[in-house]
Amino acid sequence: MTKFTFIVAIYNVGPYLTQCIESIIGQTYDYFDILLIDDGSTDDSGTICDNYALKNKNINVLHQKNQGVSVARNQGLKYALGDWIIFVDGDDWVEKDLCSSIAKNLNETMDVCFYSYYENRFDIVKNHAKVDQFIVEEYGRHELDEIEKAVFTMNNYQWTNAASIWAKAFRRDFLIKYNLKFKERQINSQDTIFALYAYEFARKGIFINKPLYHYRILKTSVSRKYNGNIITIYNDFLKSIEEFVSVYKNNEEFWNLYYFRTLRNLMVAVTLNYSHPNNTKSYIQRRKEFNQIIRTSPYSIALRKVKIKAFTVPEKVLAFAVKYRCFFIADMLNHLRCKFVYKE
C-alpha cells in the first residue's frame, strides 16, 4: 500500500491549526503519518501540536527556533518516511478523501500529482475544479512545460495552482534522487523555486480534477501588508529564477516569461511599498525611489520588452502606469484599492 507523509509547517496559526490537523487525521485512507514542524511559534500552536501527538501515534512533532517555512519544510523532508509527500500549510485544511483519491490513480512512472482546490477568501469559497466533471489526466513533458510557463505568469494551469506546492503530492524517492529542497535563504516565493525544479525533473505527472485542498486567504495576509524591503526580496527571487532559465530553459520564450514575471513583481512592489498607504515617506521620496529602481536591471529590461497586452484587463492600468513611469497614477490606484477593496 502507498504510504503518505503530511508535512505541515506551522508558525502562529493557533486559531486554524485544529481544523488543519483534524482534516488530516480524518482521512478515509489508513496509510499515512503526519510531521508537524513548529517553527518557533509564540502562540499556542506548539502546545496544540504536542497534544495531538500524545493522542495519535502517527503524529510526530518537531520544534525549532523560528527559521522560516523553508527550513521547516526541509526538516520535514529529512524525517519523512512515506512514499509520497504532501505539504499542507498550518492554516489550510484538506478533504477527507485526499489520500484515497491520489492513491487509486498513481502508477510507478508518476513523480508528481496535481489536484484542484477550494479558495477560501474570507467568507467566500471558490471551487477551482472544472465543475461537474471528474477528470484524471496524465501529464507528460509537454504538459509539465506548460505548467512551468504558468508558474512564470502566475496563472493556474487548467484547474490547479501552478506556482504552489500545496495541492500537490510528490514521490519521495524522486525528491531524494534530485536532491530537491527548499532554498532556506529565500524569503519570498519559496514554493515557486521548488516547484519549477520539480516540474523540470519529473518524468510524468497526474492531474485529478477534484477539489481536495482548502487554501485559506486571511485578511492579515502578507500579500497585502506594507513591505519596505520588497525589492531586495524580489531581487533575490528573480536571481533564482534567472539561474533556472539560464540552465534549463535558455530560449526566447522562457526569457520573455522571465521578464513578464519581473514586471509583474515590480507592479507588486509598487503596491506593497512605493504606493502603500502605510509607507510614511513623502510622495516625492517614494517617487524618487520608484524612478531609481526602474532604471536598474532586470526591471529596466522588462519595461522595454513586456507589452501591456500580456496582462489581464484588471492589471492593464497599473501595468501601463508602471511601464510608462506614471507614478502618480499608480499611487492613486493603490490608495483607492486599499480604501475601497481592502478597507485598510
Side-chain angles (χ1 to χ4, degrees), residues 1-10 24 27 29-39 58-64 67-90 94 98-115 138-141 143-145 147-148 151 160-186 189-208 212-213 240-241 243-245 247-249:
M1 296 288 288
T2 300
K3 182 178 179 179
F4 295 91
T5 292
F6 286 88
I7 296 176
V8 187
I10 296 160
I24 302 173
Q27 290 295 299
Y29 187 89
D30 293 331
Y31 298 95
F32 68 91
D33 63 357
I34 308 170
L35 289 174
L36 303 175
I37 318 298
D38 172 29
D39 187 35
N58 63 338
I59 295 181
N60 289 292
V61 180
L62 298 174
H63 296 281
Q64 62 180 38
Q67 299 175 74
V69 66
S70 292
V71 176
R73 287 171 177 162
N74 284 342
Q75 280 289 94
L77 288 173
K78 179 179 178 181
Y79 291 101
L81 298 174
D83 303 303
W84 283 77
I85 306 297
I86 299 174
F87 295 100
V88 180
D89 289 346
V94 299
L98 170 59
C99 290
S100 60
S101 296
I102 297 174
K104 67 184 179 182
N105 287 296
L106 294 176
N107 65 51
E108 65 277 2
T109 67
M110 304 297 179
D111 291 321
V112 58
C113 175
F114 305 84
Y115 40 93
E138 288 194 13
Y139 285 171
R141 188 66 259 160
E143 289 81 8
L144 291 168
D145 282 342
I147 295 173
E148 289 181 32
V151 172
T160 190
N161 186 292
S164 71
I165 51 98
W166 48 260
K168 316 282 184 301
F170 300 90
R171 185 187 294 276
R172 186 167 67 92
D173 287 348
F174 160 70
L175 299 180
I176 294 171
K177 177 180 179 179
Y178 291 99
N179 195 29
L180 288 174
K181 298 178 181 179
F182 293 89
K183 295 189 70 170
E184 297 187 353
R185 296 183 180 180
Q186 189 93 37
S189 300
Q190 305 93 337
D191 286 23
T192 301
I193 305 302
F194 183 95
L196 277 175
Y197 283 94
Y199 304 158
E200 180 64 23
F201 296 147
R203 297 168 296 173
K204 286 185 180 181
I206 189 170
F207 169 66
I208 301 172
L212 297 168
Y213 191 96
S240 296
I241 295 291
E243 291 173 357
F244 173 82
V245 175
V247 175
Y248 297 103
K249 299 292 182 183

Ignoring hydrogens and geometry, is there a side-chain-to-backbone donor-acceptor pair from [X] to [Y] under 3.5 Å?
X    : Y    : answer
S70  : K183 : yes
Q75  : A72  : no
R172 : I85  : no
Q27  : C99  : yes
Y115 : K168 : yes

Taking all non-hydrogen atoms of both residues into account, name the closest pair between [X] and [Y] and its distance.
X    : Y    : value
L35  : G76  : CD1-O, 3.3 Å
L144 : A202 : CD1-O, 3.7 Å
I208 : I102 : CD1-CA, 3.9 Å
R171 : M110 : NE-O, 2.6 Å

- Parallel, tilted or perpendicular: which fits the ring planes of F32 and F6, with parallel below 30° and perpendicular above 60°?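 F32 vs F6 ring planes: perpendicular.
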- Donor + acceptor pair across side chains of Q64, D39 (<3.5 Å):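 Distance-only check passes for Q64 and D39.
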Is the closest side-chain heavy-atom distance between [X] and [Y] below 4.5 Å?
X    : Y    : answer
Y213 : V88  : yes
F201 : V112 : no
W166 : F87  : no

- salt_bridge(E148, R141) N-O dist < 4.0 Å: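 R141 and E148: salt-bridged.
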All N/O donor-acceptor pairs, side-chain side in residues 191-198, below 3.5 Å, sequence neighbours left out:
from: D191; atom 1: OD1; to: R73; atom 2: NH1; distance (Å): 2.5
from: D191; atom 1: OD2; to: I165; atom 2: N; distance (Å): 3.2

- Task: Answer yes or no: does atom NZ of K3 have more than 12 heavy-atom neighbours from other residues, nucleotides or ligands under 6.0 Å?
- Result: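 More than 12 heavy atoms, drawn from other residues, nucleotides or ligands, come within 6.0 Å of this atom.
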- Query: Run the side-chain contact (heavy atoms from CB on, under 4.5 Å) check on I7 and Y79 step by step: do they pass?
  - Reply: CA-CA 10 Å; I7 296 176; Y79 291 101; over 6 Å; no
- Query: Are the aromatic rings of Y199 and Y248 close, with centres under 6.0 Å apart?
  - Reply: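 Not close enough - the centres of the two rings lie 6.0 Å or further apart.
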